[in-house]
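The next block holds one structure in the form of structure tokens; read it before the comments.
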Amino acid sequence: MKKNRQEPRGRVCAVIPAAGSSRRMGGEDKLLLPLLDVPVLARTLAVFERCSQVDEIIITCREQDIVPYGKLVRTYGFSKVTNIVRGGETRADSVLAGVRACPKDTELVAIHDGARPLVTDGIICEAVEAARQYGAAAPVVPLKDSIKRVEDGRIMADIPRETVAAVQTPQVFRWNLIEQALDEAVRAGRTLTDDCAAAEALGVDVRATAGSYENIKITTPEDIAMGEAILAERTDR
């Protein structure tokens with residue numbers, strides 16, 4: 001009786017942009033701030049280190065952060081982190097640098113904010129599997145508030161909540177697709193809100209997967225308190 005053989009999967013490389021200026025954190029590097037005694041960036045990297053779908057991790061950051069982030073990687077023993085590359089002037093520049101540093105046999109790139117330490121294995125795996133099937137995927141969550149269109153300070157119209165969502169990371173793409181999309185965005189000087197926008201500009205459909213309201217981005221001091229409250233409720237913190 002023949003055994004079922006699993007098809008070999010292509011390499012998945014996580015690119016972690018960590019080149020922000022932390023202005024809303026008063027200039028202090030938010031990625032090195034403790035979140036229940038573990039730096040924010042270390043918590044982010046730990047989830048991808050444990051994820052069976054991720055083969056390699058690349059960090060993009062400011063030149064002055066290469067040494068401290070390298071020390072953090074060694075301190076916590078993140079074996080999947082193979083490269084820390086200098087980012088660019090914009091997010092698109094920085095992510096493109098990370099994408100181009102991926103091994104040539106990379107099939108999928110999972111781009112995840114360094115400041116989202118509360119992402120889960122399930123969120124990552126669902127986005128990766130959807131991108132493997134459809135070419136591009138990103139986790140989203142429904143909006144809770146009523147949404148209005150505003151012009152010149154006036155509320156003009158209601159926007160049905162079921163037609164909009166808040167997008168999170170990791171945003172996962174086939175390597176050749178996102179490399180081309182980011183390259184064209186950088187050449188055109190377009191300001192991107194996220195990496196999906198670069199793919200959408202090429203006419204690529206991005207598959208929506210399940211995000212989580214706990215998958216917050218650490219931006220202000222209040223977010224640290226919220227993140228610690230979320231972690232305190234988790235059994236695997």
Side-chain angles (χ1 to χ4, degrees), residues 6-20 31-32 38-63 65-88 91-139 168-183 194-196 198-199 206 209 215:
Q6 290 186 340
E7 291 295 323
R9 64 174 181 83
R11 176 178 288 273
V12 178
C13 187
V15 171
I16 310 296
L31 298 184
L32 295 180
V38 177
V40 169
L41 182 58
R43 288 198 176 274
T44 301
L45 294 173
V47 184
F48 287 85
E49 178 79 18
R50 294 191 299 265
C51 183
S52 61
Q53 290 279 8
V54 175
D55 301 297
E56 190 163 336
I57 303 170
I58 293 172
I59 302 169
T60 67
C61 65
R62 300 176 300 177
E63 188 167 4
D65 293 326
I66 291 176
V67 171
Y69 290 176
K71 181 179 179 181
L72 179 145
V73 168
R74 292 190 298 274
T75 298
Y76 287 89
F78 294 131
S79 61
K80 288 184 181 178
V81 178
T82 59
N83 205 347
I84 302 177
V85 300
R86 184 170 63 85
R91 177 189 170 88
D93 286 312
S94 296
V95 176
L96 183 58
V99 169
R100 286 178 169 165
C102 293
K104 296 302 180 185
D105 61 344
T106 297
E107 178 192 8
L108 299 176
V109 180
I111 303 166
H112 183 73
D113 299 320
R116 286 189 190 268
L118 302 175
V119 68
T120 64
D121 186 82
I123 292 173
I124 298 170
C125 291
E126 184 175 345
V128 167
E129 289 300 334
R132 183 168 281 125
Q133 183 174 356
Y134 298 102
Q168 301 179 337
T169 64
Q171 297 177 5
V172 189
F173 309 89
R174 291 199 181 107
W175 183 92
N176 58 340
L177 184 158
I178 196 60
E179 195 276 339
Q180 179 188 353
L182 289 170
D183 181 67
D194 67 354
D195 306 297
C196 286
V206 181
T209 59
N215 186 20

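Only heavy atoms go into these numbers, but all of them, side chains included; no hydrogens, no water, no symmetry mates. For the single chain, residues carry numbers from 1 onward in sequence order.
Here the shortest heavy-atom pairing between A101 and N83 reads CB-ND2, 4.1 Å. Closest of all the heavy-atom pairs between A110 and P170 is CB-CB, 4.3 Å. Of all the heavy atoms in C61 and A18, the pair that sits closest is CB-O, 3.5 Å. The two residues P117 and V40 come nearest to each other via the heavy atoms CB-O, 3.6 Å. Across every non-hydrogen atom of Q53 and V128, the tightest pair is OE1-CG1, 3.9 Å. Considering every non-hydrogen atom in both C196 and A138, the closest pair reads SG-CB, 3.6 Å.
The backbone N or O of S79 sits less than 3.5 Å from a side-chain atom of E49, completing a donor-acceptor pair. For E126 (side chain) and T209 (main-chain N/O), no donor-acceptor pair under 3.5 Å exists by modelled atom type. Of the possible polar contacts, none joining the T60 side chain to the V95 backbone as a donor-acceptor pair under 3.5 Å is found. The backbone N or O of V12 sits nowhere less than 3.5 Å from a side-chain atom of T106 that would complete a donor-acceptor pair. Under the 3.5 Å distance criterion, the side-chain polar atoms of R86 are left unmatched by any main-chain donor or acceptor of E63. Within the 3.5 Å criterion, the main-chain N or O of D113 finds a donor-acceptor partner in the side chain of T169.
Side-chain atoms of I58 and T82, non-hydrogen and from C-beta on, do get closer than 4.5 Å to each other. Between Y69 and L32, some side-chain heavy-atom pair lies under the 4.5 Å cut-off. In this structure, the side chains of F78 and L72 come closer than 4.5 Å at one or more pairs of heavy atoms. Using a 4.5 Å heavy-atom cutoff, the side chains of L108 and R9 are not in contact. Looking at heavy atoms from C-beta onward, V73 lies in side-chain contact with I59 at the 4.5 angstrom threshold. Using a 4.5 Å heavy-atom threshold, the side chains of H112 and I57 count as separate. V109 is not listed as a side-chain neighbour of F173, based on a closest heavy-atom distance of 4.5 Å or more.
Annotation: the span from K80 atom NZ to C13 atom SG amounts to 11.0 Å, rounded to 0.5 Å. Interatomic distance, D93 CG to D183 CG, rounded to the nearest 0.5 Å: 10.5 Å. Atom CD1 of residue I16 and atom OG1 of residue T44 lie 7.0 Å apart, to the nearest 0.5 angstrom. To the nearest 0.5 Å, atom CG of residue N215 and atom CD1 of residue I123 are 4.5 Å apart.
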Step-by-step salt bridge (charged side-chain N to carboxylate O under 4.0 Å, His left out) determination, R91 to D194: CA-CA 8 Å; R91 177 189 170 88; D194 67 354; over 6 Å; no
Hey, mind stepping through Q168 and V119 against side-chain contact (heavy atoms from CB on, under 4.5 Å) and telling me if it holds? CA-CA 9 Å; Q168 301 179 337; V119 68; over 6 Å; no
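Using a 4.0 Å cut-off between a side-chain N of Lys or Arg and a carboxylate O of Asp or Glu, R132 and E107 qualify as a salt bridge. We find that D55 and R11 are not joined by a salt bridge, their nearest charged nitrogen and carboxylate oxygen being 4.0 Å or further apart.
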